[in-house]
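Numbers here simply count residues along the sequence, with the first being 1.
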Amino acid sequence: MIVTSEQVKTLREMTGAGFLDCKKTLEEMDGDINKAAELLRKKGLTQAIKKMSRLTKAGIIEAYIHHDRQVGVMLELSCETDFVARTPEFRDLAKDIALQITAMTPVYISRGDVPTEVIEKELAIYKAQAETEGRPPDVLEKIAHGKVENFYKNSCLLEQVFIKDNNKKIEDLIKEVIARTGENIIIKRFIRFKANEN
């Protein structure tokens, strides 16, 4: 099938993929732009996962102060090159993540950052709660582990649901930008300040 330059342009705008990738995928999908976009997204996220092991030596510091001047966030977002760090897409991602931190108060970046003793303490609390509620002993462990999963979703930034789109997590948002920019992107660190809070 012959693919027009208009179709390629439309697909590029939808996905951010390169010209040749768009052309080949459109040919593969018989000119169906929606199917081609879906396939490119799948390929992009697979490539994004592969890129997540690459070193990040560039990036930016993003600062956000809420309109009431009571909450502020500083975030270090890293990528592989200064070229990507200067792009509007990367800067918009940093702003979105800083806004997420302001609104959702994460404590850790990922579940790997949560100290073992914190998880053990949470498990003990959840088991005790389940016992108090009169749950059978054989399900206490399962209930406690289910609640720990919720703890991760609330406390770990990458696992939180994105405040602007509840169909994706922050981790998904970052992977999408990795797929479009072709570079690894990681959250190095963040700090959230609240007035009159220790």
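- Of the possible donor and acceptor atoms, none in the side chain of E76 sits under 3.5 Å from a partner among the backbone N and O of I61.
- For K188, the NZ atom counts as densely surrounded, since its 6.0 Å shell holds more than 12 non-hydrogen atoms of other residues, nucleotides or ligands.
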(request) Give the C-alpha distance, both sets of side-chain angles, the deciding distance and a yes or no for salt bridge (Lys or Arg N to Asp or Glu O under 4.0 Å) between E27 and K23. (result) CA-CA 6 Å; E27 286 167 354; K23 187 172 185 292; 2.9 Å; yes
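- Between Q70 atom CD and I65 atom CD1 the span is 11.5 Å, to the nearest 0.5 Å.
- One distance of note links CD of Q7 with CD1 of I33; it measures 5.0 Å at 0.5 Å rounding.
- Panel note: side chain E80, backbone A58; no donor-acceptor pair is recorded below 3.5 Å.
- Side-chain N or O atoms of R192 include one that pairs as donor or acceptor with a backbone N or O of I101 at under 3.5 Å.
- Counted within 6.0 Å of NZ on K57, heavy atoms from surrounding residues, nucleotides or ligands total 12 or fewer; the atom is thus considered open.
- Heavy atoms only, all atoms of each residue included: E62 and A98 are closest at CG-CB, 4.1 Å.
- Going from atom OG1 of T102 over to atom CZ of F193 covers 11.5 Å, rounded to the nearest 0.5 Å.
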Side-chain donor-acceptor pairs under 3.5 Å in residues 83-93, sequence neighbours left out?
from	atom 1	to	atom 2	distance (Å)
T87	OG1	V84	O	2.7
T87	OG1	F90	N	3.3
E89	OE2	R180	NE	2.4
E89	OE2	R180	NH2	2.8
R91	NE	A85	O	3.4

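- Here R111 pairs with E159 in a salt bridge; the nearest charged N to carboxylate O distance falls below 4.0 Å.
- Hydrophobic clustering (ILVMFWY, side-chain heavy atoms < 4.5 Å, transitive): M104 and V71 are in distinct clusters.
- E38 contributes atom CD, which lies 9.5 Å from atom CG of D32 (distance to the nearest 0.5 angstrom).
- Checking side-chain atoms of Q100 against main-chain N and O of V161 turns up a donor-acceptor pair under 3.5 Å.
- Here the OG1-CG distance, from T116 to L123, works out to 11.0 Å after rounding to the nearest 0.5 Å.
- With rounding to the nearest 0.5 angstrom, the OG atom of S155 is 7.0 Å from the CD atom of E122.
- Taking the salt bridge (Lys or Arg N to Asp or Glu O under 4.0 Å) definition, one finds that K127 meets it with E141, sequence neighbours left out.
- Here the side chains of R135 and L140 are in contact, with some heavy-atom distance below 4.5 Å.
- Using a 4.5 Å cut-off on side-chain heavy atoms (C-beta onward), V114 and F151 make contact.
- Between the D113 side chain and the S110 main chain, a donor and an acceptor come within less than 3.5 Å of each other.
- Residues passing the side chain to side chain contact (heavy atoms under 4.5 Å, CB included) test with K24, sequence neighbours excluded: none.
- At least one side-chain heavy atom of K164 sits less than 4.5 Å from a side-chain heavy atom of D96.
- At least one side-chain heavy atom of I185 sits less than 4.5 Å from a side-chain heavy atom of L77.
- We find that K175 and D172 are not joined by a salt bridge, their nearest charged nitrogen and carboxylate oxygen being 4.0 Å or further apart.
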